[in-house]
Amino acid sequence: MGVMATPDLKKTLLADQKAVLDWYDRNRRTLPWRAMPGQRADPYHVWLSEIMLQQTTVATVGSYFMRFIKLWPGVTDLAAAELDLVLGAWAGLGYYARARNLHACAKVVVRDFGGRFPEDEQALLGLPGIGPYTAAAIAAIAFDRHASPVDGNIERVVSRRFGITQPLPGSKPAIRAAARLLTPAARPGDFAQSLMDLGASLCSVKRPHCPACPLSRNCQGFALGIADTLPAKLAKIARPDRFGTAYLAIRRDGAVLLRRRPEKGLLGGMMEVPSTPWADKPADSGKPPFKAGWQPVSGQVEHVFTHFRLFLKVYCAHDLPQKTAVPDADCQWVMPEAIGTAALPTVMRKVLTLGGIRPLRP
DNA sequence: TACACGTGGAC
DNA sequence: TGTCCAAGTGT
């Protein structure tokens with residue numbers, strides 16, 4: 001690990017802590033889930049925002065957070081909600097296991113903790129959807145506990161400050177140890193947020209603004225002129241392509257046939273336009289869900305997931321009779337006015353758009 | 001440990 | 001246009 005807590009180091013760490021907190025007090029951003037200076041944040045707001053912010057930008061989360069706290073002002077309200085409504089409100093945010101775990105977590109907090117989040121990092125870690133980062137973040141930010149959350153921002157700030165050149169993910173233990181060393185006894189929540197704000201502003205991935213940074217005086221990456229190369233990362237693997245065909249059935253009254261995906265796996269529990277399995281090579285023709293006048297739609301849907309890129313051809317059947325039966329139990333007809341709030345992931349909204357349907361959001 | 005898991009924005 | 005990345009977790 002290479003970072004020893006010598007008396008000399010402790011002095012520089014104390015200086016770092018003060019400089020960072022002073023910077024935070026001068027540059028604190030106001031965010032919907034963040035408490036006013038000197039006040040304690042609402043644990044429900046902290047938890048909800050931390051789940052939404054996992055691998056997701058602040059700009060994207062904003063409107064979703066506001067909608068959620070309006071629909072469900074407290075954890076008890078969320079626990080009592082139908083899962084499908086929660087998935088519908090989450091649609092478009094991605095990583096849909098987060099929404100299912102969010103709902104499960106709310107139920108556990110109500111059932112096992114009387115509707116109050118546990119304050120202890122270890123107890124938080126036992127809740128669905130809460131991992132090491134989020135447990136430490138909630139403990140520090142909502143409850144002022146001495147905890148050191150390490151997210152992507154803090155990995156960058158800490159690896160630069162301590163000159164950790166070993167590539168991720170192997171360097172994670174060293175970075176965690178260094179983050180603990182850096183965390184002050186007082187204001188651990190403000191300190192964690194200040195490091196994240198630093199990582200999101202001055203200590204950016206490219207072109208960091210080191211001269212303006214409160215950590216630059218003791219920053220090894222800056223001193224060595226290698227800040228913008230840290231943290232080093234292992235090369236990534238290429239993203240394969242996959243191909244499929246979607247069948248967009250539209251009834252005379254405008255209702256659209258949608259299918260519920262299996263609980264687990266990709267887009268688990270979300271709705272989809274019925275489609276063929278996604279194959280490694282383009283298929284000539286798939287099998288429609290039922291017999292009708294299927295017409296090919298010109299163009300195709302392209303969508304990039306984390307680990308593959310998907311191309312979907314779309315066939316459309318218009319003007320189907322009201323009495324058209326659903327092909328199986330996972331399918332349902334969804335009226336036009338309900339499409340906007342349905343639990344439709346973005347890739348399926350692209351399919352509807354290509355088919356001439358505009359799934360408006362509320 | 002390594003991979004599965006979404007999406008949109010920046011460059 | 002392609003690549004990288006964003007307040008990670010579950011398995």
Side-chain angles (χ1 to χ4, degrees), chain A residues 29 31-34 41 45-65 87 90-102 104-105 124-142 147-157 168-170 172-173 175-176 179 189 191-201 203-207 228 231-242 261-270 272 278 302-310 343-350:
Chain A
R29 283 192 296 173
L31 297 169
W33 46 85
R34 191 172 271 184
H45 290 183
V46 173
W47 165 70
L48 180 60
S49 67
E50 290 298 343
I51 302 298
M52 288 183 165
L53 286 163
Q54 288 167 8
Q55 300 289 284
T56 309
T57 59
V58 168
T60 300
V61 164
S63 62
Y64 282 89
F65 177 84
L87 291 176
W90 195 278
L93 252 191
Y95 285 139
Y96 298 100
R98 290 186 296 170
R100 299 196 298 279
N101 285 328
L102 184 84
C105 182
L124 287 162
L125 195 52
L127 295 171
I130 296 184
Y133 162 75
T134 305
I138 296 173
I141 297 169
S148 304
V150 177
D151 72 328
N153 286 310
I154 296 179
E155 277 181 348
R156 184 166 56 255
V157 173
L168 287 168
K172 279 176 180 286
I175 292 174
R176 275 197 297 273
F191 189 77
Q193 291 180 91
S194 68
L195 289 189
M196 289 190 272
D197 282 6
L198 265 183
S201 56
C203 196
S204 49
V205 177
K206 296 170 183 171
R207 313 269 219 105
D228 63 344
K233 296 190 178 180
L234 260 24
K236 297 191 174 164
I237 53 168
R239 219 192 313 258
D241 290 340
R242 288 191 194 167
R261 291 179 62 87
E263 282 275 325
K264 303 211 170 192
L266 184 71
L267 308 175
M270 301 292 284
E272 68 177 354
W278 301 341
E302 177 182 344
H303 190 75
V304 179
F305 292 95
T306 310
H307 49 298
F308 65 93
R309 183 171 59 162
L310 178 66
L344 276 169
T346 297
V347 60
M348 291 302 154
R349 289 174 189 265
K350 288 182 181 176

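Basis for what follows: all heavy atoms, side chains included, without hydrogens, waters or symmetry-related copies. Predicted, not measured: the structure shown is a model, and the values here were computed from it.
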Closest to the A:D151 side chain, choosing from B:dG8, C:dG8, C:dC5: C:dG8
Among C:dG10, B:dG6, C:dA6, the nucleotide that comes nearest once only the side chain of A:V205 is considered: C:dA6
Per A:Q54 side chain, nearest of listed nucleotides B:dC5, C:dC5, C:dT9: C:dT9
Sugar-phosphate only, base, or nothing, as touched by A:R29 at under 4.0 Å among non-hydrogen atoms: base
Between B:dT7 (C1') and A:M270 (CE): distance, integer Å: 12 Å
Distance test, side-chain N/O of A:H307 to OP1/OP2 of B:dA4, below 4.0 Å: no
A:Y96 side chain vs A:G265 backbone, donor-acceptor pair below 3.5 Å: no
Rounded distance in Å - CD1 (A:I138) to C1' (C:dT9): 13 Å
Touch class at under 4.0 angstrom, heavy-atom based, for A:W47 against every strand present: nothing
Nearest-neighbour nucleotide for the A:T306 side chain, C:dA6, B:dC5, B:dG8 considered: B:dC5
Under 3.5 Å donor-acceptor pair, A:T56 side-chain atoms to B:dG6 base atoms: yes
Sugar-phosphate only, base, or nothing, as touched by A:V304 at under 4.0 Å among non-hydrogen atoms: base
Sugar-phosphate, base or nothing in reach of A:P149, heavy atoms under 4.0 Å: nothing
A:R34 side chain to A:R29 backbone, donor-acceptor under 3.5 Å: yes
Test of ring centre spacing under 6.0 Å for A:F305 and A:H303: yes
Polar pairs (N or O, both sides) under 3.5 Å between protein and nucleotides 9-11 of chain B?
none

Spacing of CG belonging to A:L87 relative to CZ belonging to A:R100, to within rounding of 0.5 Å: 7.0 Å
Sugar-phosphate only, base, or nothing, as touched by A:I130 at under 4.0 Å among non-hydrogen atoms: sugar-phosphate
Whether A:R349 side chain and A:L344 backbone form a donor-acceptor pair below 3.5 Å: yes
Check: A:V304 main-chain N/O paired with A:R239 side-chain donor or acceptor under 3.5 Å: no
Nearest to side-chain heavy atoms of A:Q55, which nucleotide of B:dT7, C:dA6, C:dT9: C:dA6
Gap between atoms CD and C1', on A:E302 and C:dG2 respectively (whole Å): 11 Å
Whole-Å distance separating the CD1 atom of A:I237 from the P atom of C:dT3: 13 Å
Whole-angstrom distance between C:dT11 and B:dG6, as gauged at atom P: 14 Å
Salt bridge (charged side-chain N to carboxylate O under 4.0 Å, His left out) evaluation trace for A:E155 with A:K172: CA-CA 8 Å; A:E155 277 181 348; A:K172 279 176 180 286; 2.6 Å; yes
Sugar-phosphate only, base, or nothing, as touched by A:L267 at under 4.0 Å among non-hydrogen atoms: sugar-phosphate
Check: B:dG6 base within 3.5 Å donor-acceptor of A:Y95 side chain: yes
Residue A:T134, side-chain heavy atoms: nucleotide from C:dT9, C:dC5, B:dT7 that is nearest: C:dT9
Protein-nucleotide distance (A:L234, atom CG; B:dT1, atom P), rounded to Å: 12 Å
Distance test, side-chain N/O of A:H303 to OP1/OP2 of B:dT7, below 4.0 Å: yes
Interatomic spacing from CZ in A:F308 to CG in A:L266 - rounded to 0.5 Å: 5.0 Å
Touch class at under 4.0 angstrom, heavy-atom based, for A:P169 against every strand present: nothing
Nearest-nucleotide 5' precedence on DNA chain C, A:N101 against A:R34: A:R34
Separation of B:dG6 P from A:W90 CH2 (nearest whole Å): 11 Å
Whether A:S194 side chain and A:A192 backbone form a donor-acceptor pair below 3.5 Å: no
Given DNA chain C, 5'-ward residue of the pair A:L125 and A:S49, judged by closest heavy atom: A:S49
Whole angstrom value for the distance that separates P of C:dT9 from CG of A:L124: 12 Å
Spacing between A:R239 atom CZ and C:dC4 atom P, to the nearest angstrom: 9 Å
Nearest to side-chain heavy atoms of A:K233, which nucleotide of C:dG8, B:dC5, C:dC5: C:dC5
